[in-house]
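The structure appears below as structure tokens.
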Amino acid sequence: MKVSYFETGRYRAPESLPARWPMPPGAYEPREGVNVFQGMVERITLAEKLGYDWVSLSEHHYSPRILTPSPPVAAAYIAARVHKIKIALLGPIVSHSNPVRLAEELAMVDTMADGRLIVGLLRGTSNEAMTYDLNPRESRERTDEGMELILKAWTEPHPFAWQGRHFRYRTVSVWPRPLQQPHPPTFALGTSLEAGAFAARNHIGLGVSYGPFDVMGKATGYYRNECARHGWEPTPDQIIFRANILLAETDAAAQRALSEYPTRAPFSLGAKLAGALVEVDTRNIAGEARAASVNRALPINFVGSPDTVVEQIRSCRELTGAGVVDLGFNTPGSTDPGALMEAMDLFGRKVLPRIRDI
């Protein structure tokens, strides 16, 4: 099992900050922003020292929750400061982006990082369609078309034109090309039928996140069946499970911390906007309809002592087939960055060595 540390760029929001999305930009403190990115390097340096395989970054907007609105910029910053750990962008939001520009930037980062880049291509959440004034009903089609264009831009040896439904270019001719050929390890991110089918059809990996192991196993099972239908079999390293973790020295300490974990998202949508997006955002897991998740805190998937978490990771592997866990460390009741680093250190010392053969 490989392990990725999910770095969110943790902005230490004061208690007076309104807990809503979008966050008023007047609430931002520039000096705290500097601390965010200095702390990011400290944590990633620790992850590299402890032997984590990857560090991952994600794209979100208009909120202190994840202060990395441009993953390629963050990746370039990190690549200059750590030299062994792989850098996984899980991921840029394709539906919001210029796919050609994104293909160019990712190829640059792969070259700057000496081939350490891993790419996950993301549809994004419906509320963030507002970031660039896009129709959230079009996000699935825009994502699939954009991903196809990025993959072709990386692999086509000659200039080509693209006349799609959502993107049109007279000439595409990306320089530089990725250092890793034909392209960096690439994943479609999502639990829907469309994400699994796209990944299988294009011989790339799949990333799922946060759901119960058995439910996520339905999505990864569908993906593996589709891969077989297209004549190939993914390796465990081509399935990522992104998860929240709450690790403590004992199960009792972990349960005490869990009791302080919020049930509501830290920065929530207003009721009117949330209701409108629930109507739009009907997703599915391997073909099963489910209600959109709006304003609810993401679940904690791994909770307990090192011994307990090792067994939970074993169960995750058995039920989802994932060969990579991408972990967001949680420390309910404490905003001290030192508590986060202590949890990372505990995992590196007492969990990581024991899950390599899972």
Side-chain angles (χ1 to χ4, degrees), residues 1-13 15 35-36 39-58 64-66 85 90 208-216 240-267 296-320 322-358:
M1 180 70 76
K2 291 182 178 177
V3 175
S4 173
Y5 162 60
F6 180 23
E7 170 57 55
T8 62
R10 294 175 181 234
Y11 184 93
R12 296 183 69 183
E15 292 182 2
N35 294 337
V36 165
M40 177 186 292
V41 171
E42 292 174 5
R43 291 186 291 272
I44 294 169
T45 300
L46 175 63
E48 183 174 73
K49 178 181 177 181
L50 291 169
Y52 288 66
D53 301 280
W54 304 357
V55 56
S56 78
L57 304 163
S58 191
R65 186 171 67 88
I66 295 180
I85 197 167
L90 307 176
V208 299
S209 58
Y210 299 122
F213 304 152
D214 58 338
V215 178
M216 293 299 97
I240 303 170
F241 181 74
R242 171 172 278 176
N244 280 320
I245 182 171
L246 199 168
L247 180 68
E249 288 283 0
T250 66
D251 288 333
Q255 290 301 319
R256 285 195 297 271
L258 184 63
S259 69
E260 299 188 50
Y261 187 70
T263 59
R264 188 171 175 83
F267 299 97
R296 284 178 280 176
L298 293 170
I300 302 286
N301 308 96
F302 302 111
V303 182
S305 65
D307 288 347
T308 297
V309 167
V310 167
E311 293 310 308
Q312 291 170 347
I313 290 174
R314 192 182 308 278
S315 178
C316 174
R317 174 60 178 270
E318 291 172 355
L319 292 172
T320 69
V324 183
V325 286
D326 180 45
L327 301 177
F329 285 83
N330 287 261
T331 56
S334 174
T335 60
D336 180 8
L340 169 60
M341 296 180 78
E342 287 175 5
M344 293 173 61
D345 179 73
L346 179 60
F347 186 96
R349 289 185 292 106
K350 295 191 176 181
V351 179
L352 186 59
R354 298 168 58 189
I355 62 173
R356 288 306 192 187
D357 61 351
I358 291 178

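Reckoned from all heavy atoms, side chains included, excluding hydrogens, waters and symmetry mates.
Rounding to the nearest 0.5 angstrom, the gap separating the CG atom in Asn244 from the CD1 atom in Ile300 is 4.5 Å. To the nearest 0.5 Å, the span separating CG on Asn330 from CG on Leu258 amounts to 9.5 Å. Between the CZ atom in Arg10 and the OG1 atom in Thr331 there is a gap of 6.0 Å [rounded to 0.5 Å]. Separating the CD1 atom in Ile313 from the CG atom in Leu327 is a distance of 6.0 Å, to the nearest 0.5 Å. The CD1 atom of Ile358 lies 8.5 Å from the CZ atom of Arg317; values are rounded to the nearest 0.5 Å. Here CE of Met216 is found 11.5 Å from CG of Leu319. Values are rounded to the nearest 0.5 Å.
Among all heavy-atom pairs drawn from Ala343 and Phe329, the shortest one is O-CE2, 3.7 Å. Nearest heavy atoms, Tyr11 versus Val36: CA-CG2, 3.6 Å. Pairing each heavy atom of Pro337 with each of Arg12, the nearest pair is CD-NH1, 3.6 Å. Residue Ile44 comes nearest to Glu7 through the heavy atom pair CD1-CG, 4.1 Å, listed as atom of the first residue, atom of the second, then distance. Shown here for Ala254 and Ala248, the closest heavy-atom pair between the two residues is N-CB, 3.6 Å. Residues Ser4 and Asp326 share a closest heavy-atom pair of OG-OD1, 2.6 Å.
In this structure a side-chain-to-backbone donor-acceptor pair under 3.5 Å is present from Tyr52 to Met344. Side-chain atoms of Asp251 do not come within 3.5 Å of backbone N or O of Gly304 as any donor-acceptor pair. Although no hydrogens or angles enter the test, the distance criterion places a donor-acceptor pair under 3.5 Å between the side chain of Asp336 and the main chain of Gly338.
Classified by interplanar angle (parallel below 30°, tilted 30° to 60°, perpendicular above 60°), the ring pair Phe213/Phe302 is tilted.
For the pair Met1 and Cys316, the minimum side-chain heavy-atom distance is 4.5 Å or more. Residues Trp54 and Ile240 have side chains in contact (heavy-atom distance under 4.5 Å, counting atoms from C-beta outward). Residues Thr308 and Val303 have side chains not in contact (no heavy-atom distance under 4.5 Å, counting atoms from C-beta outward). For the pair Ile245/Phe6, no side-chain contact is recorded, criterion being any heavy-atom separation below 4.5 Å from C-beta on. Side-chain contact between Leu90 and Ser58 is absent, with no heavy-atom pair separated by less than 4.5 Å. With a 4.5 Å cut-off on side-chain heavy atoms, Arg65 and Thr8 do not count as touching.
Within the cation-pi definition used here (under 6.0 Å to the ring centroid, within 45° of the axis), Arg43 does not qualify as a partner of Tyr5.
Taking 4.0 Å as the cut-off between side-chain N and carboxylate O, Arg356 and Asp53 count as a salt-bridged pair.
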Assess whether side chain to side chain contact (heavy atoms under 4.5 Å, CB included) is satisfied between Arg314 and Val310, documenting all intermediate values.
CA-CA 6 Å; Arg314 192 182 308 278; Val310 167; 4.1 Å; yes
For the pair Arg354 and Asp307, evaluate side chain to side chain contact (heavy atoms under 4.5 Å, CB included) and give the outcome as yes or no after the intermediate values.
CA-CA 9 Å; Arg354 298 168 58 189; Asp307 288 347; 2.8 Å; yes
